[in-house]
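Data first, discussion second: the structure below is written as structure tokens.
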Number of protein chains: 2
Amino acid sequence: MNAPRRPGDATRAAIIDAALRAFGERGYDGASTRAIAADADTNVASISYHFGGKDGLRTACARHVSDRIAEVTGASAPPPTDPDAARAALAATLRDLCLFVLLRPQAGLIAAFVMREMARPSPALDLIYEGAFEGIHRRLCALWAAATGLDGESEGVRLAVFSLLGQTLYFHLAGPVVRRRMEWTAVTPPEAEAIAATIDRNLQARLDADAEPVA
Amino acid sequence: MNAPRRPGDATRAAIIDAALRAFGERGYDGASTRAIAADADTNVASISYHFGGKDGLRTACARHVSDRIAEVTGASAPPPTDPDAARAALAATLRDLCLFVLLRPQAGLIAAFVMREMARPSPALDLIYEGAFEGIHRRLCALWAAATGLDGESEGVRLAVFSLLGQTLYFHLAGPVVRRRMEWTAVTPPEAEAIAATIDRNLQARLDADAEPVA
DNA sequence: GTCTATAAACAGATAGAC
DNA sequence: GTCTATCTGTTTATAGAC
């Protein structure tokens, strides 16, 4: 699928993969280019050659993250107008995102990288925001509007969507604490399903509350 | 209130304050003891003198964080048994925590520090978990049980409490992205109230759903 | 307790061989 | 494109003056 077309592309990909892990785990400042190069089975100089330096590598990581996110949550069909269909689409999107973040190792790296960027914003965050995050949020807001009849760009709906998206990311970030309290040794499909079920229950309850004002 | 009793205590406190900021912003690996010392208006050597080194400083920060969290969400009255009172106590605790984290600058530093520790667990995280986090979570679970009639130590309730706690922390962590999408220039009391209101609405809706199975 | 000076290891960037 | 060697600055830790 993504076979390297030109020599050097494989090295680029390996460096980005290693950098994503390093930046996510240790933060940008704490990650060393030497360790990244070693993890990618290459030398330090190749980072400067391929990306112009450490900062260029961060930008390349952001671009990669943006592409991957857009790919997973890619704009599929136009948002349904039927409330029940919109609610189902909302639940499915959130569930997919949750399972993806919790179970795919590469998704974990991406989530950690994004968290780090949020905690200490750099121009790379703008790239991710504009390239992927804003689009997803807007689409979920539109679904929320279709499901409840509320204005999708109202403050309340935008915040509600954030609160649901946030739960997904939180369960990944707080993994160590959650696992300890839940007495889980790891998050495997059964545990991820339990988390997805909790988030879905929160979603359904909130949608019921938002759609209720018929009374 | 916390007047330094012995000389050196003021320096210790200043170093911990600066370290909390540095570790939270740049991560443990990325923070330099020199920058911390400069921020605390002292010299590098005093960190080794007072804390035995960089790692001892992290432990001291964790202890400080643990104490502060326990102080704010300190065990007050015994949990009420009346469902409505329990629900009110739950809502009040969550609201206080949310406003505290979003508005108090020092709370922001603590939240960032904890997030970093979660993303890359160290023995310092155990200290925070055992010293503060577990107690708060257990207490909220007990309140949830009293409010809904469910078993407070069931998997569902424990995860539900995590999902609500997570929203509070998420809105702090994801501040830059949230502010951009909400077109907020900063999170001041009005914005924090809007966030607290969203979380409260999620809580009430979920409690309604959990308490419903009377049908 | 506080500080300066210094040691030893490490960082990122780059020149140049191949 | 890939790599080694090296330059320059910074890191943590520590020895010792005051």
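Below, read A as the first sequence line, B as the second, and so on, with proteins coming before strands; counting in each chain starts at 1.
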Figure out the [atom1]/[atom2] separation between [X] and [N], and round it to whole Å.
X       : N      : atom1 : atom2 : answer
B:His50 : C:dG1  : NE2   : C1'   : 6 Å
A:Arg26 : D:dT11 : CZ    : C1'   : 14 Å
A:Tyr49 : D:dG1  : OH    : P     : 4 Å
B:Ile15 : C:dT2  : CD1   : C1'   : 11 Å
A:Lys54 : C:dC10 : NZ    : C1'   : 12 Å
B:Ile47 : D:dT11 : CD1   : C1'   : 12 Å

Note to self: What does the 5'-to-3' dot-bracket notation of DNA chain C look like when only Watson-Crick and G-U wobble pairs under 3.5 Å count, and pairs to other strands show as |?
What the structure shows: ||||||||||.|||||||
Next item on the list: State whether B:Glu134 and A:Arg180 are salt-bridged, where the test is any N-O pair (Lys NZ or Arg NE/NH1/NH2 against Asp/Glu carboxylate O) under 4.0 Å.
Entry: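 Salt bridge: no.
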Next item on the list: Would you mind checking if B:Asp55 and B:Arg58 are paired as a salt bridge, meaning a charged N to carboxylate O distance below 4.0 Å?
Entry: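 Salt bridge flag = yes for B:Asp55 with B:Arg58.
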Next item on the list: Verify the contact: side-chain N or O of A:Thr11 to OP1 or OP2 of D:dT2, cut-off strictly under 4.0 Å; return yes or no.
Entry: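 True: A:Thr11 side-chain N/O within range (under 4.0 Å) of D:dT2 OP1/OP2.
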Item checked: Residue-phosphate contact under 4.0 Å: B:Thr42 side-chain N/O, C:dC3 OP1/OP2 ->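 Yes, B:Thr42 has a side-chain N/O under 4.0 Å of OP1/OP2 on C:dC3.
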Item checked: Interface with DNA chain C, restricted to residues 27-38 of chain A and to heavy atoms under 4.0 Å ->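 DNA chain C contact set from residues 27-38 of chain A: A:Ala31, A:Ser32, A:Thr33, A:Arg34.
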Notebook entry, point to check: Of the residues in residues 55-62 of chain A, which ones touch DNA chain C at a heavy-atom distance under 4.0 Å?
Noted result: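 Heavy-atom contacts with DNA chain C come from no residue of residues 55-62 of chain A; none.
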Next item on the list: Determine, step by step, whether B:Asp39 and B:Arg21 satisfy the salt bridge (Lys or Arg N to Asp or Glu O under 4.0 Å) criterion, reporting the C-alpha distance in whole Å, the side-chain angles of both residues, the deciding distance to 0.1 Å, and the verdict.
Entry: CA-CA 10 Å; B:Asp39 197 26; B:Arg21 181 188 322 274; 3.7 Å; yes
Next item on the list: Quick one: sort the B:Phe133 and B:Phe162 rings into parallel, tilted or perpendicular, breaks at 30° and 60°.
Entry: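 The rings of B:Phe133 and B:Phe162 lie parallel, inter-plane angle below 30°.
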Margin query: We want to know whether B:Arg181 and A:His137 form a side-chain donor-acceptor pair, criterion being a heavy-atom distance below 3.5 angstrom.
Written below: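 The answer is yes; a qualifying pair exists.
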Next item on the list: Can you see which heavy atom on A:Ala62 is nearest to which on A:Ile128, and at what distance?
Entry: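 Answer, listing the atom of A:Ala62 first, then A:Ile128: O-CG1, 3.7 Å.
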Checklist line | Smallest separation among heavy atoms of A:Arg116 and A:Gly24, with atom names | finding: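 Scanning both residues completely, I find the closest heavy atoms to be NE-O, 2.9 Å.
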Checklist line | Selected nucleotide, minimal atom distance to A:Asn43 side chain, candidates D:dA13, D:dT4, C:dT4 | finding: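 Among D:dA13, D:dT4, C:dT4, the one nearest the side chain of A:Asn43 is D:dT4.
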Notebook entry, point to check: So which nucleotide from D:dT14, C:dT2, D:dT2 ends up closest to the side chain of B:Ser48?
Noted result: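 Looking only at heavy atoms from C-beta outward on B:Ser48, the closest nucleotide is D:dT14.
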Note to self: Judged by each residue's nearest nucleotide on DNA chain C, which is more toward the 5′ side, A:Gly52 or B:Ala45?
What the structure shows: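 By nearest-heavy-atom nucleotide position, the 5'-most residue is B:Ala45.
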Item checked: Heavy-atom donor-acceptor pair, B:Tyr28 side chain to A:Gly30 backbone, under 3.5 Å ->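 No, because the side chain of B:Tyr28 does not come within donor-acceptor range (under 3.5 Å) of the backbone of A:Gly30.
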Check: Any donor and acceptor pair, going by atom type alone, linking the side chain of B:Arg158 with main-chain N or O of B:Glu153 inside 3.5 Å?
Finding: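 Yes.
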Notebook entry, point to check: So, for B:Tyr170 and A:Tyr170, is the gap between ring centers shorter than 6.0 Å?
Noted result: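 Aromatic pair excluded; centres sit 6.0 Å or further apart.
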Next item on the list: With side-chain contact (heavy atoms from CB on, under 4.5 Å) as the test, would you mind laying out the steps for A:Ile15 and A:Ile47 before giving the verdict?
Entry: CA-CA 8 Å; A:Ile15 291 173; A:Ile47 290 178; 4.1 Å; yes
